[in-house]
K.L.:
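The structure follows.
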Amino acid sequence: VDLTMYYPVAVGGPLTKVVDGMVEDFEKANPDINVNAIYAGNYNDARIKALAALQSGEPAQTSVMFSIDIYELIEQGAIVPYDDVVETEEEKAWLNSFYPALMENGKTQGKTWGIPFQRSTIVMYYNKDAFREAGLDPENPPATWDELVEAGKKLTKKNGDTVEQWGAMIPSTGYPYWMFGALAMQNGQTLMNSEGNETYFNAPATIEALQYWQDLGNKHGIMPSGTIEWATLRQNFLEGKTAMMWHSTGNLTAVKNDASFDFGVAMLPAQKRRGTPTGGGNFYIFEKSSPEERKAAIKLIRFLTEPERTAEWSIGTGYLGTGPDAYATPELTQYVKDFPPAAVARDQLEFATAELSTFQNGRVRKLLDDAIQSVLIGDKTPAEALDSAQKQADRLLKNYR
Amino acid sequence: MSAIELCNISKRWGDSFAVTDVSFKVEQGTFAVLLGPSGCGKSTTLRMISGLEDVSEGKLLIGDTDMTTARPAQRNLSMVFQSYALFPHLNVKENILFGLKVRKIPIAEQEQRLARVAELVGLAELLLRKPAQLSGGQRQRVALARAFIAENPICLMDEPLSNLDAKLRHDMRIEIRALQQRLKMTVVYVTHDQAEAMSMADKVILIKKGQIEQEGTPDELYNKPATTFAAAFIGTPPMNLLDITKMGTLPPLLAEPTSSAILGIRPENIRIVDAGGIPARLISADYLGADTVITARIGTQELQVRTPGRVSVPEPYNARLQWQKEDVHLFDPSSGKRNDTIKATDF
Amino acid sequence: MSAIELCNISKRWGDSFAVTDVSFKVEQGTFAVLLGPSGCGKSTTLRMISGLEDVSEGKLLIGDTDMTTARPAQRNLSMVFQSYALFPHLNVKENILFGLKVRKIPIAEQEQRLARVAELVGLAELLLRKPAQLSGGQRQRVALARAFIAENPICLMDEPLSNLDAKLRHDMRIEIRALQQRLKMTVVYVTHDQAEAMSMADKVILIKKGQIEQEGTPDELYNKPATTFAAAFIGTPPMNLLDITKMGTLPPLLAEPTSSAILGIRPENIRIVDAGGIPARLISADYLGADTVITARIGTQELQVRTPGRVSVPEPYNARLQWQKEDVHLFDPSSGKRNDTIKATDF
Amino acid sequence: MIRRPSQSHIHGWLLLMPAAVFLIAFTYYPTIATLAKSFFSQGNAIKPSRFVGLENYEYLLTDEVFWKVVGNNIIYAATTIPISIGLAMVMALWVNGKLPFKSLARMSYFTPTILPMIAVANIWLFFYTPDIGLIDQVAGVFGISGHNWLGDPDTVLGCIIIITIWKEAGFFMIFYLAALQTLSPELEEAAKLEGAGRWYYFRRVIFPLLMPTTLFVLINAIINSFKLVDQLFILTKGGPDNSSSLLLYYIYEVAFSFLDQAYASTLTVVLLIALAVIAISQFVFLDKKVHYQ
Amino acid sequence: MRSSNIKETIALQLENGAAYLLALIWMLPLIYAFWSAFHPSEYATRFDLFAPLTLDNFREAWSRAPFARYFLNTFILVSIILCAQFILCTLAAYAFARFEFPGKSLAFGLVLLQLMIMPEVLIVENYVTMSQIGLVDSIVGIGLPYMASAFGIFLLRQTFKTIPKELEEAAKVEGCGPFQILWKVYVPLARPTYVAFGLVSVSYHWNNFLWPLVITNSVTTRPLTVGLAIFGAPESGVDWSIITAGTLLAVAPLLVAFLLFQRQFVQSFMHAGIK
Ligand SMILES: Nc1ncnc2c1ncn2[C@@H]1O[C@H](COP(=O)(O)OP(=O)(O)OP(=O)(O)O)[C@@H](O)[C@H]1O
Ligand SMILES: Nc1ncnc2c1ncn2[C@@H]1O[C@H](COP(=O)(O)OP(=O)(O)OP(=O)(O)O)[C@@H](O)[C@H]1O
Ligand SMILES: [Mg+2]
Ligand SMILES: [Mg+2]
């Protein structure tokens, strides 16, 4: 059986090599299956590629794609639920072997459509040296919103008008909705329902969360106002321009390699509770595939999500191990022991929730992104912006109710 | 057998005729010149002979074969263009051999012919130069060599000298003529320069507005211009044409008085005399080294007098002019046609 | 006061001299021509006068003011370029007024001067045309008008006629000369065409390899060439230069026998005679309408004879040539300089 | 004569054929398919695509993002076009003149043309990054505090514009350089003799004589002002709040992020019409003025 | 130098200064690329004269993707496109420049229209076409949509039109047919335009990204830019040292070729002037 699989690479690093290696191992183990694993750029490029292939009638059988593409893929009739493909009990058990939080984005309408693969959450990186300098306890990072503000104020260093070190930075380009998902969750509010046809953008708790974000810059002055660039944030952190940053766990390895100071990783702070959305890519199985191909695909996916490989993957990339048994492997256990920050993301999974994902996901997400950015740049108040975003989202989603 | 024969050939562009009903023959081995003012249709005629332009009406024979619709390459003729049309990316040798290469002549023969032709036009030293590295005269020779090497019996030339300066033009004229005679080629040559036509042609075909005005040897055109147009077109300075009715009271210039006529007299045939002749006023002089051209006035009509040596006319003054009756040409004022029934007289 | 005076002017490009130690004066209101073969430094000299080229050594006076380093615009002179340098996007009127606009002359005066100049050069009808819509002669006139309208006392012209065909060139020569005289301008005119120089100049400055070869009126250059170079450069066909030692046994041509000399005799001064003279062989004839140029040979030396009317030489034949002692020029064979101490004799 | 014209017709079409096949297959056919899609709704597994007439166009009229993006694009075009053309002209004059070491200058002006946008955008990202970026570092030396160039809606479009100008000016310069070479030096000398200064000469002679080149460059520049959006993918993704988004980027977003091919087609049609109108009116109105020969 | 014109001289110097300043700004991204590629990543955003030099970034970049193979692919791709463009555009331009046929101006208008159509918009449709003719994941498939270049047709047509008709006629009289005329007269005379257009085309396709990414699936077909994109994906933040090293690797052949042949290139552009 020939299998074609697309996978995107969203973090730096020699990822393609790792994937190629794992696929090779799989082929060795299953000589009858021939896998063609194709690197497909970033998540966006991969989506275009899959879509183009789909329309041409020449799609792949399986693919790693953005976990939040699920509704669109269902709507396009592009993917099949795993429930229809798995047969044995063993396989059904496998479906349940992942952290539930990571499955949230893969399940809807009572079925499982995506299997978590390269997944991450948001964590808070902080500069322990800066904490010490500001007289804060480096082993006790802020755990609530108020503490964050407080610590941030101490950490913000000014030289006249020029800020030499900011207290904290939360990136607001690239994936603002993702960061905001964390804030909203911490304020006790999810952004959408699990059917993907309703959003809660203008719920009071959501508005409060956005207000808090805006206040970090405008009121408390611990974060630059305007938007903060996702791509260069790590560099800012490494250069000591900010004492804390919220960023994907996917950065862990890079920060570890490049930081010239003592840094720590912490769970995101809480308001009403702790919270973070998960993120990243899931495995999907495409509808246009024969039963044998589907079976082979299941084999491949199972192989790639086996605990040992998940552990290897996690160590190599900084992505989460997707199930508890991955963390039970000796390699990962050892790694976490040597490098405790690696466990923070896992521990945080307890509080994690789904990433924003609905029907018409692209549009809905953009509505929220624009709303967030317009607030951060001071064009609108949180209530205005979110009300309007909610109204438009309702219009888009009412067809799906 | 004529080398080229045009039978009632016309060329139409849209509605207007560039060439109307032209017929002439060019004999084997002669040098024919198409002469006429700019825009009279010389190039068009030549290009119809070459096949680069389609014939609208009429028939074209080349060596007695009907070639009216043949492709240029089938006509076995060569052509030299006004700006030479040398290929700037090819060197002299490649330019000369261009046609032979196209026709796939064996290399050995190419070399042989090249050697001969290069010798002939004096380019043997320059074979590897690009056209841009040649002087005007040398380029001209390359163009000639390219035309000669094909050994076609007919060669067409469209104002090939007009881009050269006066001195070089003079040298090249002699050279082209000598080559034509040596190779016994039939040449049809286009020019608007009458001096060129006079010095080179066996036969001149004078064209005016797409029609033949006069056809004959240079001598005939010079000494027996058929029309005032021909008279005024040939000679430097050209023939003076005086309206007999506007000459005022003078000694009789014609044998019998006529109501009207145009009297033509060439500047070199007029003498300035102390006594006799007719009174005139000398206006200015233009010294040309060997001789001087004096502008004179009889009544209201200006005329030019060419006289050897240097004469200066610092101020206009009165003098007397004289000519001999044999030198007078007479034309009909309305049609412009030569009229030999009227006779001039000495005075 | 001279209008222009060059004192020991030189121009160096890198190591090589284009102009070496040239001095001459041009008087107010005269027409001076810089004449010489291509590359001799005429343009360079003119451009130093205009200020478009820096002077390497020497001093330049314009109207008695030292202008050696003045900017072109400060020199109060106009210039007519070889290819006219008309601005293709401006119409005739705008082209002519270009300089006045730059100098912010009041509009009323611009219009007034324009009307006058346009009238003068006969462009009044064409003021709104673009240069591309003009014939060569008309473009030439625009260039002249642009030079004249500034009313600068001096006008420089660099081969302004070389792009025109022979006929137009002849007309324009007369026109330019007439305008210069009417406006009493000082003109320095560059050409390599000796006929042009002869017919236009008050003074000819003949240049050879960056140095002055001879300076004088056209008459002087024609009748008393200072060197063999000057002799051979002027006249069409040019003067025949015969080496006296290679003439073979002949009647004595010089008053007293000299070991060596170059004998110069102009083609138009040689007559073909039945008896007397010296024996020669006539080779070929070139009929030019009014006269014929015959190529003849005395011993091994070729010479040209110009004779009126039509003479044909279908086959070479023997004849006798004669000239008068007044028409003979004698030159020193080693230096090429004129030597008037030797005398010619009739034969 | 009937022979030649018909032969010429056949030859003409035969020569055109290969290019025509490719153009039809990979440009015109897909373009027309795109056009057709704009009259249909976006289909999916649940609701198949159906004919909706002008509904997509109606939606477009009410789409706030569309209008914002159009506005941005107008600003973008109105600044990048004149500035990059102007700079190109100045560069060409410099490099054509007596500038010492001009081949070095020519080389650096032309460099942007051969650098891949995907890499270059990342370098510019560094220049613009607040505090640690090159601009802020340099500004810091002069005591000017950092600015969030890409995060501030007032400056972000300007940043994008600068990159575009940087990318384009050198490319256009080449065309001006070529045109300048064809100007006869006698023209400059004639002007000099008349006392015209450099500026006067430029304004009255060079500039008008460069008009045909300017027309060519202008058409290219206009087309590019809609085409050059690569930098957005890396730099801003159109943000913040669409303040740097451009029409083609938006089309791209609609097509591949919203997966709404129908609406993307609608936008494409509008863009194509706008471009065609601009190009045609340019040819019609400017062509006459420009060709004096 | 004329003593009276000091003011002018100063103005000229100022202008030259401005020219160099602009040149420096224009070079800045490239200069920065060199800086950060040759220094360890902690110096990527810090400028220190004594920063240690290193080639690690290149080693790292080189190891992350099969660059050698990608170089080969890009090279083949660019060559194929260039050859095809030359042939197709030459034929079409010749038709437009020197033949009369019905529908000529309409056809030319359509060709110009292609200038305005963004290939990105047509990706999906073109992918379908490619898969129908079985060219997905092939180097030819990457090239096909670009082979008939309107820009090339336009540029060559302009050049052909400036070639004196006499040359064509001379060749005709010597017995050349239409294709011989094209091959022996027009093509050699338009060589500068070919060089100029070649430069533009090579740098475009050398750097083209999205379509090659979408249409290729395997290492044996992917061009360089796809390899480069691995570093360019800013999802997890930018590592400038690696990106710039990768960039320099990718454009090095172009840069070197341009440096070596810049005189010829620039001169070609001059002759190809659009008038
Ligand atoms: N392609 C054409 N279309 C329309 N009219 C043309 C064309 N070619 C020439 N003519 C016209 O035909 C007439 C004759 O042109 P032709 O070129 O034969 O003149 P010519 O005698 O060679 O003049 P010249 O001495 O200026 O070369 C002119 O009036 C010209 O305008
Ligand atoms: N810019 C330059 N650099 C170097 N040498 C030059 C330059 N301009 C002219 N020369 C040289 O100076 C000499 C004189 O040139 P000039 O242009 O004055 O000749 P000319 O008498 O006007 O010739 P022509 O009749 O061909 O115009 C020539 O040998 C020429 O090669
Ligand atoms: Mg003609
Ligand atoms: Mg000169």
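The structure presented is a predicted model; accordingly, all values stated were derived computationally and were not measured. Residue numbering restarts at 1 for every chain, and letters A, B, ... go by the order of the sequence lines.
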K.L.:
Of the listed residues (E:Leu28, E:Leu91, E:Val202), which shares the most heavy-atom pairs with chain D below a 4.5 Å separation?
P.N.:
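Highest number of heavy-atom pairs under 4.5 Å: E:Leu91.
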K.L.:
At a 4.5 Å cut-off on heavy atoms, which part of E:Ala107 comes close to chain D: side chain, backbone, both, or neither?
P.N.:
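Contact with chain D: side chain only.
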K.L.:
Non-hydrogen atoms of chain E under 4.5 Å away: do they reach the side chain of D:Ser103, the backbone, both or neither?
P.N.:
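Both parts, heavy atoms under 4.5 Å.
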K.L.:
Is it the side chain or the backbone of D:Ala121 that comes within 4.5 Å of chain E heavy atoms, both, or neither?
P.N.:
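No part of D:Ala121 comes within 4.5 Å of chain E.
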K.L.:
Among D:Phe126, D:Trp124, D:Tyr109, single out the residue with the greatest number of heavy-atom pairs under 4.5 Å to chain E.
P.N.:
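Result: the option with the highest number of such pairs is D:Phe126.
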K.L.:
Which answer fits D:Ile223, side chain, backbone, both or neither, if we ask what part of it has an atom under 4.5 Å from a heavy atom of chain E?
P.N.:
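For D:Ile223, the side chain is the part near chain E, not the backbone.
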K.L.:
Report the option among E:Ala150, E:Cys89, E:Ala11, E:Ala18 that has the most heavy-atom pairs separated by less than 4.5 Å from atoms of chain D.
P.N.:
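Most heavy-atom pairs under 4.5 Å with chain D: E:Ala18.
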K.L.:
Does any heavy atom of chain E fall under 4.5 Å from the side chain of D:Leu180, the backbone, both, or neither of them?
P.N.:
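Neither; nothing under 4.5 Å.
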K.L.:
Name the region of E:Ile153, side chain, backbone, both or neither, that has any atom closer than 4.5 Å to a heavy atom of chain D.
P.N.:
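Contact with chain D involves the side chain of E:Ile153 alone.
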K.L.:
Relative to chain D, which of E:Leu110, E:Leu254, E:Ile25 shows the most heavy atom pairs under 4.5 Å?
P.N.:
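Maximum pair count with chain D is reached by E:Leu110.
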K.L.:
Any side-chain heavy atom of D:Leu267 sitting closer than 4.5 Å to one from D:Leu271?
P.N.:
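A side-chain contact under 4.5 Å is absent here.
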K.L.:
Heavy-atom pairs under 4.5 Å with chain E - which of D:Phe127, D:Phe22, D:Trp94 has more of them than the others?
P.N.:
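Winner by heavy-atom pair count: D:Trp94.
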K.L.:
At a 4.5 Å cut-off on heavy atoms, which part of D:Ser265 comes close to chain E: side chain, backbone, both, or neither?
P.N.:
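Neither part, no heavy atoms under 4.5 Å.
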K.L.:
Give, as side chain, backbone, both or neither, the part of E:Glu15 having an atom under 4.5 angstrom from any heavy atom of chain D.
P.N.:
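Both backbone and side chain.
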K.L.:
Find out whether E:Phe154 and E:Ser149 are in side-chain contact, i.e. whether some heavy atom of one side chain is under 4.5 Å from a heavy atom of the other.
P.N.:
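No, every pair of side-chain atoms sits at 4.5 Å or beyond.
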K.L.:
Judged by atom type as modelled, is there a donor-acceptor pair below 3.5 Å linking the side chain of E:Thr244 to the main-chain atoms of E:Ser241?
P.N.:
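Indeed, once roles are kept as given, a pair shorter than 3.5 Å links the two residues.
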K.L.:
Check each atom of D:Phe101 against the heavy atoms of chain E and say whether the ones under 4.5 Å are side chain, backbone, both or neither.
P.N.:
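Both parts, heavy atoms under 4.5 Å.
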K.L.:
Determine, stepwise, if the pair D:Tyr176 / D:Thr214 fulfils side-chain contact (heavy atoms from CB on, under 4.5 Å).
P.N.:
CA-CA 8 Å; D:Tyr176 278 116; D:Thr214 305; 2.9 Å; yes
K.L.:
Would the distance check show the side chain of D:Ser225 and the main-chain N or O of D:Ile222 forming a donor-acceptor pair, the cut-off being under 3.5 Å?
P.N.:
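Yes; at least one donor-acceptor contact below 3.5 Å.
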K.L.:
Can you tell me how far CG of E:Leu224 sits from CG of E:Leu249, rounded to the nearest 0.5 angstrom?
P.N.:
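Those atoms lie 8.5 Å apart.
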K.L.:
Using non-hydrogen atoms only, which part of D:Pro112 is less than 4.5 Å away from chain E: side chain, backbone, both, or neither?
P.N.:
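Contact with chain E is through the side chain of D:Pro112 alone.
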K.L.:
Using non-hydrogen atoms and a 4.5 Å limit, figure out which bit of D:Asn224 sits close to chain E: side chain, backbone, both or neither.
P.N.:
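For D:Asn224, there is no contact with chain E at all, as no heavy atom is under 4.5 Å.
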K.L.:
For D:Met17, is it the side chain, the backbone, both or neither that has a heavy atom under 4.5 Å from a heavy atom of chain E?
P.N.:
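Contact with chain E: none, neither part.
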K.L.:
Please flag which part of D:Thr31 lies under 4.5 Å from any non-hydrogen atom of chain E: side chain, backbone, both or neither.
P.N.:
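Contact with chain E is through both the backbone and side chain of D:Thr31.
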K.L.:
Exactly one of D:Leu177, D:Leu210, D:Thr213 should register a side chain to side chain contact (heavy atoms under 4.5 Å, CB included) with D:Met89. Which one does?
P.N.:
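For D:Met89, the side chain to side chain contact (heavy atoms under 4.5 Å, CB included) check succeeds only for D:Leu210.
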K.L.:
Relative to chain D, which of E:Ala93, E:Pro145, E:Ala19 shows the most heavy atom pairs under 4.5 Å?
P.N.:
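If we count pairs closer than 4.5 Å to chain D, E:Ala19 comes out on top.
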K.L.:
Report the option among E:Gly103, E:Ala95, E:Ser36 that has the most heavy-atom pairs separated by less than 4.5 Å from atoms of chain D.
P.N.:
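Ranked by heavy-atom pairs under 4.5 Å with chain D, first place is E:Ala95.
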K.L.:
Angle class for the E:Phe151/D:Phe171 ring planes (parallel below 30°, perpendicular above 60°, tilted otherwise)?
P.N.:
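Taking D:Phe171 first and then E:Phe151, their aromatic rings sit tilted (interplane angle of 30° to 60°).
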K.L.:
Tell me if the centroids of the rings in D:Trp199 and D:Phe202 come within less than 6.0 Å of each other.
P.N.:
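Yes, they do, as the ring centres are separated by less than 6.0 Å.
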K.L.:
Looking only at atom types and distance, does a side-chain atom of D:Lys167 sit under 3.5 Å from a main-chain N or O of D:Leu115, one as donor and one as acceptor?
P.N.:
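Yes; judged by distance alone, with no hydrogens or angles, the pair exists.
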K.L.:
Counting only non-hydrogen atoms closer than 4.5 Å, does D:Trp166 touch chain E with its backbone (N, CA, C, O), its side chain (CB onward), both, or neither?
P.N.:
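Both the backbone and the side chain of D:Trp166 come within 4.5 Å of chain E.
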K.L.:
Less than 4.5 Å to any heavy atom of chain D: does that hold for the side chain of E:Val128, its backbone, both, or neither?
P.N.:
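Neither; nothing under 4.5 Å.
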K.L.:
Checking E:Trp211 side chain against E:Ile142 main chain: does a donor-acceptor pair fall under 3.5 Å?
P.N.:
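Side chain of E:Trp211 to backbone of E:Ile142, a donor-acceptor pair under 3.5 Å: yes, one is there.
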K.L.:
Who among D:Arg198, D:Met107, D:Lys102 has the most heavy-atom pairs with chain E under 4.5 Å?
P.N.:
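Most heavy-atom pairs within the cutoff with chain E belong to D:Met107.
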K.L.:
Looking at residues at least two apart in the chain, or sitting in another chain, which of them share a salt bridge (Lys or Arg N to Asp or Glu O under 4.0 Å) with D:Lys37?
P.N.:
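Salt bridge (Lys or Arg N to Asp or Glu O under 4.0 Å) check on D:Lys37 returns E:Glu125.
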K.L.:
Chain D: which of E:Ala250, E:Ala148, E:Pro29 shares the most heavy-atom pairs with it under 4.5 Å?
P.N.:
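Of the options given, most contacts go to E:Pro29.
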K.L.:
Is the closest side-chain donor-acceptor distance between E:Thr90 and E:Tyr186 under 3.5 Å?
P.N.:
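No.
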K.L.:
Using a distance-only test with no angle check, is there a side-chain donor-acceptor pair under 3.5 angstrom linking E:Asn208 and E:Tyr146?
P.N.:
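Yes - a donor-acceptor pair under 3.5 Å links their side chains.
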K.L.:
Measure from NZ or CZ of E:Arg157 to the centre of the six-membered ring of E:Phe108, then state whether that distance is under 6.0 Å and the direction lies within 45° of the axis.
P.N.:
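Yes, E:Arg157 lies over the aromatic ring of E:Phe108.
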K.L.:
Report which part of E:Pro178 has an atom under 4.5 Å of a heavy atom belonging to chain D: side chain, backbone, both, or neither.
P.N.:
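The answer is the side chain of E:Pro178.
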